[in-house]
Visitor: 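Sharing a structure here in structure tokens format.
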Amino acid sequence: MSQKYMKVEKIDHGTVIDHILPSKAFDVLGVLDLPGGTTMSILVNSHSKKGGRKDILKFENVELTDEEANLVALVSPQATINIIVGGKVVKKFNTEAPKVVRGILTCSNPNCISNQNEPITTEFTLASDEGHRYVCSYCERDIVDLAKSVSP
């Protein structure tokens, strides 16, 4: 039995985000503020040479900054960022979860001051354990599902 794979064209200039957790590509898109009309390829539950499944995102003519790339770690901490110029990878690095996240996440605690129409910016700190948890700086509530807590 032969395996079939979808062929996705190479990009000449842009960004490829590889090794995204399976079914998390759209969550990654949610944390990135890409310009409207961005040409992209989205592969969901794609075969991984290392075994298992992964998602992949390709953005043409968009180079993510280090800060933008690290936002990807909010929903897929092991993702790899590849910057492509002239059809070749010129920069490759792993995402790193930001220690502090401001103005992007929403606290799930309805009584938190950040949900009371006060003129403050939400702020979450990465917990020091290995659980990849973010904790509200105001009420100390953990965020359980980071992707669902991203502010529109």
Side-chain angles (χ1 to χ4, degrees), residues 6 8 11 13-85 89-152:
M6 181 185 303
V8 178
I11 58 174
H13 180 259
T15 301
V16 175
I17 306 175
D18 198 1
H19 305 291
I20 300 169
L21 288 170
S23 301
K24 292 291 185 180
F26 291 100
D27 294 338
V28 169
L29 287 173
V31 299
L32 297 174
D33 188 24
L34 296 175
T38 299
T39 301
M40 65 181 77
S41 298
I42 304 170
L43 286 87
V44 178
N45 286 318
S46 178
H47 171 75
S48 173
K49 289 180 184 176
K50 296 179 181 178
R53 298 284 177 190
K54 66 180 179 180
D55 289 2
I56 302 170
L57 292 171
K58 292 184 175 190
F59 307 116
E60 291 188 39
N61 300 316
V62 173
E63 285 187 34
L64 295 184
T65 65
D66 290 345
E67 182 179 281
E68 290 171 322
N70 288 335
L71 290 177
V72 172
L74 290 173
V75 290
S76 192
Q78 74 292 336
T80 303
I81 309 297
N82 299 279
I83 304 299
I84 313 295
V85 176
V89 177
V90 296
K91 184 177 180 183
K92 182 175 186 171
F93 59 97
N94 293 323
T95 59
E96 183 177 320
K99 305 292 184 223
V100 177
V101 178
R102 291 182 185 92
I104 296 172
L105 301 173
T106 302
C107 186
S108 61
N109 178 358
N111 295 321
C112 180
I113 192 168
S114 66
N115 289 322
Q116 303 301 317
N117 295 323
E118 294 292 333
I120 59 172
T121 302
T122 60
E123 180 178 289
F124 293 83
T125 305
L126 183 63
S128 58
D129 60 25
E130 295 296 319
H132 189 69
R133 297 178 304 115
Y134 279 88
V135 179
C136 178
S137 298
Y138 301 109
C139 72
E140 298 182 355
R141 180 172 284 190
D142 286 7
I143 291 183
V144 178
D145 187 342
L146 286 167
K148 289 182 181 175
S149 298
V150 175
S151 301

Visitor: Quick check against the 3.5 Å criterion: does N70 have a side-chain atom that pairs as donor or acceptor with the backbone of A97?
Guide: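 No, because the side chain of N70 does not come within donor-acceptor range (under 3.5 Å) of the backbone of A97.
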Visitor: Hydrogens and angles aside, do S23 and N45 bring a side-chain donor and acceptor to less than 3.5 Å of each other?
Guide: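 N45 and S23 do have a side-chain donor-acceptor pair below 3.5 Å.
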Visitor: E96 and A73: which non-hydrogen atoms are nearest, and at how many Å?
Guide: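 Reported closest heavy-atom pair: C-CB, 3.7 Å.
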Visitor: Indicate yes or no: at least one non-hydrogen side-chain atom of L29 is less than 4.5 angstrom from one of F59.
Guide: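 Of all side-chain heavy-atom pairs linking F59 with L29, at least one is under 4.5 Å.
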Visitor: What heavy-atom pair brings Y138 and C112 nearest, and what distance separates the two atoms?
Guide: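 Y138 and C112 have their closest heavy atoms at CB-SG, 3.9 Å.
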Visitor: Just how far is it from atom OG of S76 to atom NE2 of H19, taken to the nearest 0.5 Å?
Guide: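 Nearest 0.5 Å value for the OG-NE2 distance: 10.0 Å.
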Visitor: Heavy atoms, side chains only, cut-off 4.5 Å: are F93 and D66 in contact?
Guide: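 The answer is yes; the side chains approach within 4.5 Å.
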Visitor: Side-chain contact test, heavy atoms from C-beta onward, threshold under 4.5 Å: evaluate it for N111 versus R141 and give yes or no.
Guide: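 No; the side chains remain at least 4.5 Å from each other.
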Visitor: Applying side-chain contact (heavy atoms from CB on, under 4.5 Å) to L32 and V72, what does each step give before you reach the verdict?
Guide: CA-CA 8 Å; L32 297 174; V72 172; 4.2 Å; yes
Visitor: Is the side chain of T95 donor-acceptor paired with the backbone N or O of P77 at a distance under 3.5 Å, no angle test?
Guide: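 Such a contact is found between T95 side chain and P77 backbone.
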Visitor: State whether the number of non-hydrogen atoms from other residues, nucleotides or ligands found under 6.0 Å of Q78 atom CD is greater than 12.
Guide: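 Enclosed.
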Visitor: Flag the pair K92 and D18 as a salt bridge only when some basic side-chain nitrogen lies within less than 4.0 angstrom of an acidic carboxylate oxygen.
Guide: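 Result for this pair is no, no salt bridge flagged.
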Visitor: State which residue, out of L43, I17, N82, I20, fulfils the side chain to side chain contact (heavy atoms under 4.5 Å, CB included) condition with I56.
Guide: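 Between I56 and the candidates, side chain to side chain contact (heavy atoms under 4.5 Å, CB included) is satisfied uniquely by L43.
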Visitor: So, do N115 and P110 sit near enough that their side-chain heavy atoms are less than 4.5 Å apart?
Guide: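 No; the side chains remain at least 4.5 Å from each other.
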Visitor: Give the C-alpha distance, both sets of side-chain angles, the deciding distance and a yes or no for side-chain contact (heavy atoms from CB on, under 4.5 Å) between L74 and Y134.
Guide: CA-CA 9 Å; L74 290 173; Y134 279 88; 3.6 Å; yes
Visitor: At their closest point, which heavy atom of H13 faces which heavy atom of E63, and how far apart are they?
Guide: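 Closest approach of H13 to E63, heavy atoms only: NE2-OE2, 2.7 Å.
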Visitor: If you measure only the distance, is there a donor-acceptor pair under 3.5 Å linking the side chains of S114 and Q116?
Guide: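 The criterion, which ignores hydrogens and geometry beyond distance, is not satisfied for Q116 and S114.
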Visitor: Under the side-chain contact (heavy atoms from CB on, under 4.5 Å) criterion, do H47 and R53 qualify, and how do the steps go?
Guide: CA-CA 5 Å; H47 171 75; R53 298 284 177 190; 3.8 Å; yes
Visitor: Quick one: pull up CG in D142 and SG in C136 and give me the separation to the nearest 0.5 Å.
Guide: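 One gets 10.0 Å once the value is rounded to the nearest 0.5 Å.
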Visitor: Write down the atom of L71, the atom of V31, and the distance for their closest heavy-atom approach.
Guide: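 Nearest pair, atom of L71 first, then V31: O-CG2, 3.5 Å.
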Visitor: Taking T122 for the side chain and G103 for the main chain, is one N or O donor matched with an acceptor at less than 3.5 Å?
Guide: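 Yes; judged by distance alone, with no hydrogens or angles, the pair exists.
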Visitor: CG/N109 to CD1/I143 distance, rounded to the nearest 0.5 angstrom?
Guide: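 Atom-to-atom, N109:CG and I143:CD1 are 11.5 Å apart.
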Visitor: Going by heavy atoms in the side chains, are D27 and L21 under 4.5 Å from each other?
Guide: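 No - every pair of side-chain heavy atoms lies 4.5 Å or more apart.
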Visitor: Over all heavy atoms of both residues, which pair between I84 and I11 is shortest? Give the atoms and the distance, please.
Guide: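 Here I84 and I11 meet closest at CG2-O, 3.4 Å.
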Visitor: If every non-hydrogen atom of L64 is compared with every non-hydrogen atom of T15, which pair is closest and at what distance?
Guide: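 In terms of heavy atoms, the two residues are closest at N-OG1, 3.2 Å.
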Visitor: Are F124 and P98 close enough that some pair of their side-chain heavy atoms sits under 4.5 Å apart?
Guide: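 They are not in contact (no side-chain heavy atoms under 4.5 Å apart), so the answer is no.
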